Amino acid sequence: MDFDLMLRVYPFFLKAALVTLELSVLTTALGLGCGALGAAARLSRSTVLRALGASYVSVFRGTPALIQIFILYFGGPQIGIQLDAFGAGVIGLGVNIGAYMTETIRGAIIAVDRGQTEAARTLGLSRSETMRKVILPQAARLMIRPLGVNINALIKGTALVAAISVVELTYTAQRYIGSTYKPFEMFFLAGVIYMVIIYVTGLGVNWLDRRARIT
Amino acid sequence: MTEKPFIDIRHAAKSYGTLEVLKDISLQVQKGQIVAIIGPSGSGKSTLLRAINDLDPLTKGEVWLEDMQVNKPLPPRQYERHINQMRQQIGMVFQHFNLFPHLTVRGNITLAPKMLKKLSDAEANALAERELAHVGMLDRIDYYPSQLSGGQKQRVAIARALAMEPKVMLFDEVTSALDPELVEEVNLAMKKLAEEHMTMIIVTHEMGFAQDVCDRVLFMDQGVVVEEGPPEVIFRTPKHERTKNFLRKHLQGNAQ
Ligand SMILES: Nc1ncnc2c1ncn2[C@@H]1O[C@H](COP(=O)(O)OP(=O)(O)OP(=O)(O)O)[C@@H](O)[C@H]1O
Ligand SMILES: [Mg+2]
């Protein structure tokens with residue numbers, strides 16, 4: 001392995017990793033938003049909303065994320081959606097992971113014991129008061145770990161947007177291969193940086209989960 | 001009886017698909033009366049109790065609390081408001097406590113009064129302290145439910161229901177999930193309520209308790225009230241074969 005080369009290029013990789021991080025943070029935020037809306041729809045009393053939520057989940061989990069990003073970025077202009085590569089990447093990845101987060105959030109909500117709802121309703125709390133004061137605070141704790149799994153998948157998934165030329169970590173590795181002809185070193189370096197990001201994120205999730213348990 | 005009933009259940013019926021769980025049950029309870037419901041597993045005791053606050057809606061029949069119909073036919077939105085109002089007046093305690101694990105004892109008790117009666121923090125705290133003192137749990141006010149024993153949890157659950165100042169209290173086998181040595185403290189809390197003339201309907205497997213505390217005992221089997229009367233009559237001289245069988249088995253079961 002050519003360690004000298006790796007030492008020379010790694011600062012450029014770190015800069016690209018910042019883009020990966022930025023993608024990850026924005027995508028997580030968008031995904032959580034979509035997930036919260038999706039879960040609300042899936043659990044709604046309205047059949048129309050429930051059907052909408054269910055179709056959202058099955059369409060976005062049922063097709064490759066790469067195809068979704070391609071449709072948005074390459075197909076978008078045909079239907080009047082003009083996005084730069086970064087914007088298309090964030091929206092494509094965010095809406096995609098939002099479908100998974102919908103199921104995570106919904107799962108945590110329905111995992112809260114039925115007796116909790118019964119006790120709250122018996123005291124006279126309305127459906128929405130019960131949701132806000134009794135169910136969601138308990139569901140929030142239950143969803144930290146599985147959302148962590150979603151975010152882990154999402155961080156790795158950001159590599160997909162290299163395919164639409166967003167200059168993030170994977171794309172940068174590919175570019176350096178073009179000039180160095182050392183694919184092993186370049187991809188290895190990228191892999192190590194992904195692993196560090198994921199490891200640190202995992203620590204954050206563990207910390208949140210522990211904190212939620214104590215209180 | 002000429003006095004108007006406090007709780008009036010009229011021709012209550014309930015089915016799950018083709019399974020008839022309650023078959024045309026009528027029951028009147030006077031103010032301050034304490035009624036025990038006994039009967040074999042699956043006879044519909046919980047279903048009847050949970051119909052009173054519409055937790056399990058009836059298929060047919062009416063439930064009245066004083067001059068208000070609990071399960072009044074209304075459009076969904078209005079009904080939601082109506083039933084929340086009615087439920088504030090009907091306290092209920094469950095077999096598995098159902099305390100809110102993310103809130104302290106204080107939080108469990110003050111949640112509903114603060115939200116629904118718009119009590120200030122100070123008022124709600126005073127209320128929590130009063131109700132906890134009532135069930136002998138004041139020293140645990142800042143504990144979380146997970147730090148309490150089963151008997152303590154159940155006493156907090158009783159205090160939580162009482163904090164809404166209900167007109168009637170419903171108990172569904174509230175000591176069944178407890179270790180034997182913890183049953184008495186919960187029974188004591190209920191006896192205290194009885195002495196204060198709270199109107200209560202108590203589903204129980206404890207014949208001794210029913211005999212001590214209740215004015216009337218109902219024996220249910222297969223969705224009907226087979227027999228009812230004062231405890232000394234039901235327990236000493238039951239008329240129906242089914243009641244006799246049940247009591248024989250049950251008292252034997254207790255003796256073992
Ligand atoms: N959600 C439901 N769907 C279908 N059947 C139900 C449902 N809930 C209760 N049942 C049935 O209704 C019948 C009466 O149940 P219920 O819980 O009222 O009995 P119970 O007298 O309280 O019994 P236990 O002493 O075991 O608590 C039972 O046969 C039960 O299987
Ligand atoms: Mg029952």
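All values reported here derive from a predicted model rather than from experimental measurement.
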*Ignoring hydrogens and geometry, is there a side-chain-to-backbone donor-acceptor pair from B/Glu80 to A/Arg127 under 3.5 Å?*
yes
*Side chain from CB out, backbone as N, CA, C, O: work out which of these in B/Phe100 comes under 4.5 Å of a heavy atom of chain A, or both, or neither.*
both
*Drop me the distance from B/Arg160's CZ to A/Thr122's OG1, to the nearest 0.5 angstrom.*
8.5 Å
*asked:* Using a 6.0 Å cut-off, check whether atom OH of A/Tyr10 has over 12 heavy atoms from anything other than its own residue.
replied: no
*Before giving the answer on side-chain hydrogen bond (donor to acceptor under 3.5 Å, both in side chains), spell out for A/Arg121 and B/Asn53 the whole-Å C-alpha distance, their side-chain angles and the decisive distance to 0.1 Å.*
CA-CA 10 Å; A/Arg121 298 304 310 270; B/Asn53 62 5; over 6 Å; no
_B/Arg50 side, atom CZ; A/Glu118 side, atom CD - distance, nearest 0.5 Å_ = 4.0 Å
*Atom group of B/Met164 that falls short of 4.5 Å from chain A, counting heavy atoms*: side chain
*Does NZ in B/Lys60 sit with more than 12 non-hydrogen atoms of other residues, nucleotides or ligands closer than 6.0 Å?*
no
*Could you state the interatomic distance from OG (A/Ser126) to CG (B/Leu116), rounded to the nearest 0.5 Å?*
8.0 Å
*Partner chain A: residue of B/Leu99, B/Val93, B/Ile83, B/Ile90 with the largest heavy-atom pair count (under 4.5 Å)*: B/Leu99
*asked:* A quick test of your reading: do over 12 heavy atoms of other residues, nucleotides or ligands sit less than 6.0 Å from CZ of A/Phe188?
replied: no
*If we only count heavy atoms from C-beta on, is the A/Leu123 to B/Arg87 side-chain gap below 4.5 Å?*
no
_Per-residue contact mode, B/Leu170 against chain A (heavy atom under 4.5 angstrom)_ = neither
*Might you confirm whether atom NZ of B/Lys191 has over 12 heavy atoms from other residues, nucleotides or ligands at distances under 6.0 Å?*
yes
*asked:* Can you confirm whether more than 12 heavy atoms, excluding those of B/Glu196, are under 6.0 Å from its CD atom?
replied: yes
*For A/Gln138 and B/Pro101, work out which heavy atoms get closest and say how close.*
OE1-CG, 3.3 Å
*asked:* Given 3.5 Å as the limit, does a donor-acceptor pair link the side chain of B/Asn98 with the main chain of A/Gln116, or not?
replied: no
_Working to the nearest 0.5 angstrom, can you tell me the gap between A/Lys133 NZ and B/Leu103 CG?_
9.0 Å
*Mind checking the NE2-CG spacing from B/His102 to A/Leu136? Nearest 0.5 Å is all I need.*
9.5 Å
